[in-house]
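What follows is a set of notes on a single structure, which appears directly below.
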Amino acid sequence: MLDIKLIKENPQEVIDRLLAKGKDAKQEISEILRLDGERRSLILETDTLKAEQNKVSKQIPVMKKAGEDTMPVMTRMKELADEIKNKDIKLREVDAAFREVMLTLPNLPDKDLAPGGKENNQELRTFGAPHVFAFEPQNHVDLCTNLGLIDYERGTKLSGSGFWIYRGMGARLEWALLNYFIETHLADGYELVMVPHMLGMETGYVSGQFPKFKEDVYWINTEEDERSLFMLPTAETALVSLHMNEILTEKELPRKYVAYTPCFRKEAGSHRADERGMVRGHQFNKVEMVQYTLPEKSDEAFEELVGKAEALVKGLGFHFRTVKLAAEDCSASMARTYDIEIHIPSMNGYKEVSSVSNARDYQARRGAIRFRREATGKPELVHTLNGSGLATSRILPAIVEQNQLKDGSVVVPECLRKYLGGIEVITKDMKNWQ
RNA sequence: GGAGAAAUACCCAAGUGGUGAAGGGGCUCCCCUGCUAAGGGAGUAGGGCGUGAAAGCGUCGCGAGGGUUCAAAUCCCUCUUUCUCCGCCA
């Protein structure tokens with residue numbers, strides 16, 4: 001959510017900056033200003049009436065004690081009560097409408113971002129070079145099937161398209177990745193958190209996925225009276241909501257969290273021919289990093305998160321590039337995002353394995369996540385940041401494709417071997433199912 | 001899933017319709033004392049919103065949301081959480 005003060009003081013700046021993000025918010029802004037004005041005048045009116053009500057209310061017992069006639073006062077009080085009730089109803093409506101529009105506005109992009117979409121993304125740095133094969137490389141779907149790492153057919157049998165099953169060495173490799181990531185984060189001082197995989201509605205609003213992506217998650221309860229829960233689309237949703245409606249102390253910032261969860265997404269209509277296999281499914285595994293920081297420290301934290309994600313990919317020995325997203329390519333909640341992309345030979349291109357973002361105070365304002373500034377004693381909004389560290393389901397295809405040998409076996413990245421009992425190469429003989 | 005009890009500030013806790021939400025502990029400051037302990041005194045209800053240049057003023061806050069009433073911590077309804085008991089269960 002954006003700061004209403006900024007919108008009031010400088011609506012044109014807000015409109016201009018949102019335009020860089022591809023959002024023409026002229027209409028919303030004028031609607032917000034109108035509703036805000038209406039809201040404030042209603043508050044002023046009701047508060048004035050309530051002040052009178054309170055004042056008179058205190059006199060009533062005094063008058064009664066003195067044996068005075070309270071009838072005339074009572075009549076006035078009844079009027080006041082009715083008037084307050086009506087105005088309160090109106091106020092509630094206006095307030096709800098105001099909030100609704102506010103919630104739909106995306107975050108302002110940082111000023112240094114290139115405007116426009118993907119085509120303006122800027123490559124910041126690369127590491128290593130694309131893998132060159134002395135033979136015709138296979139794609140990860142064939143490799144995983146032949147090696148018995150992934151059971152696509154039975155995944156579909158169990159749950160339909162967009163689901164797969166990790167089996168044998170595949171499951172162990174995926175598990176090894178999770179171990180490698182989590183151990184690294186622990187060494188960096190992050191707290192490991194295991195969160196519920198089903199979340200309440202509010203969490204989606206705090207992280208900014210709702211109202212826009214309400215249709216893109218899986219809902220558990222759809223009946224009106226039941227509290228609706230949804231399957232989390234990313235652990236960010238849970239971790240960012242962890243401290244909603246809290247006032248943290250300045251000392252406990254920054255808070256650094258990491259969580260592993262499966263992520264559930266409908267991904268309706270987004271399947272493409274070049275995204276076979278495990279690149280886009282309805283369920284995938286991800287380790288997510290989240291930080292809560294002081295506002296003045298969030299840039300620093302952002303660089304830390306980017307550095308951590310890069311280090312993980314480096315550790316696996318991959319060629320990757322780090323890309324600074326143009327304003328329009330950043331998601332709605334985020335002020336800035338860097339993607340880390342690795343090369344997947346069969347897709348003849350780069351695929352995102354980590355996306356690191358700074359939401360600044362956008363999510364904090366939606367979730368009333370604050371800290372008490374020691375110097376002033378006043379609460380202020382924190383900054384929230386998140387980054388994948390990393391999405392394992394995208395990494396496994398990259399490993400098998402980049403590390404494949406001519407005979408279709410796959411070399412295990414060195415940093416994972418200790419989790420796999422020292423196995424260095426995954427071969428066909430290790431397949432233990434048909 | 002069923003029955004009962006509870007939720008008031010940092011902690012404990014009083015408060016069953018009416019003028020500032022008691023009291024205690026803790027904490028902060030001050031006094032006394034050569035120092036410590038003890039003692040004495042004062043302060044300690046946050047946060048949101050509105051208004052204002054500011055000081056301030058107003059309003060809403062007793063788990064949350066509704067309602068009854070001129071007036072609600074107090075009465076009614078719904079929900080959440082915690083505890084006790086029962087049932088079911090990996």
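Protein chains get the first letters and strands the later ones, always in sequence-line order, with residue 1 at the start of each.
Listed by residue number, A/Arg40, A/Ile43, A/Leu44, A/Asp47, A/Lys50, A/Ala51, A/Gln53 are the residues of residues 40-53 of chain A with a heavy-atom contact under 4.0 Å to RNA chain B.
Helical stems involving RNA chain B, defined as 3 or more consecutive Watson-Crick or G-U pairs under 3.5 Å, span B:1-7 with B:80-86, B:10-12 with B:23-25, B:26-31 with B:39-44, B:47-51 with B:56-60, B:63-67 with B:75-79.
In this structure, A/Met74 atom CE and B/G18 atom P are separated by 14 Å, rounded to whole Å. Atom pair A/Arg92:CZ and B/U59:P shows a separation of 19 Å (rounding to whole Å applied). Atom CD1 of A/Ile247 and atom P of B/A45 are 15 Å apart (whole Å). Counting to the nearest Å, the C1' atom of B/U68 and the CD1 atom of A/Ile84 are 16 Å from each other. B/G58 atom C1' lies 15 Å from atom CG of A/Leu91, rounded to whole Å.
Among the nucleotides B/G48, B/U68, B/G18, the one closest to the side chain of A/Lys64 is B/G18. Checking B/C70, B/G48, B/G50 against every side-chain atom of A/Pro379, the shortest atom distance belongs to B/G48.
Every residue two or more places apart in sequence or in another chain was checked for a side chain to side chain donor-acceptor pair (under 3.5 Å) with A/Gln404, and none qualifies. Here A/Phe163 pairs with A/His282 under the ring pair (Phe, Tyr, Trp, His ring centres under 6.0 Å) rule; sequence neighbours left out. Under the rule for a ring pair (Phe, Tyr, Trp, His ring centres under 6.0 Å), the partners of A/Tyr338 that lie at least two apart in sequence or sit in another chain are A/Phe302. Taking A/Leu178 as the reference, A/Trp175, A/Tyr260, A/Val287, A/Thr392 meet the side chain to side chain contact (heavy atoms under 4.5 Å, CB included) condition, with sequence neighbours excluded. Scanning for side chain to side chain donor-acceptor pair (under 3.5 Å) contacts around A/Tyr292 gives an empty result, with sequence neighbours left out.
Among residue pairs with one or both ends in residues 295-304 of chain A, those qualifying as side-chain hydrogen bond (donor to acceptor under 3.5 Å, both in side chains) are A/Tyr190-A/Glu304, A/Lys256-A/Glu304, A/Gln291-A/Glu304, A/Glu296-A/Arg373, A/Ser298-A/Asn358, A/Ser298-A/Arg360, A/Ser298-A/His383, A/Asp299-A/Arg360; sequence neighbours excluded.
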Do any side-chain atoms of residues 416-424 of chain A form donor-acceptor pairs under 3.5 angstrom with protein atoms, and if so which ones, sequence neighbours left out?
from, atom 1, to, atom 2, distance (Å)
A/Arg417, NE, A/Val412, O, 2.9
A/Arg417, NH2, A/Val412, O, 2.9
A/Tyr419, OH, A/Glu183, OE1, 3.0

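If you check every strand for non-hydrogen atoms under 4.0 Å, A/Lys85 touches sugar and phosphate atoms only.
Judged purely by atom type and a 3.5 angstrom limit, A/Lys21 uses its side chain to pair as donor or acceptor with the backbone of A/Asn107.
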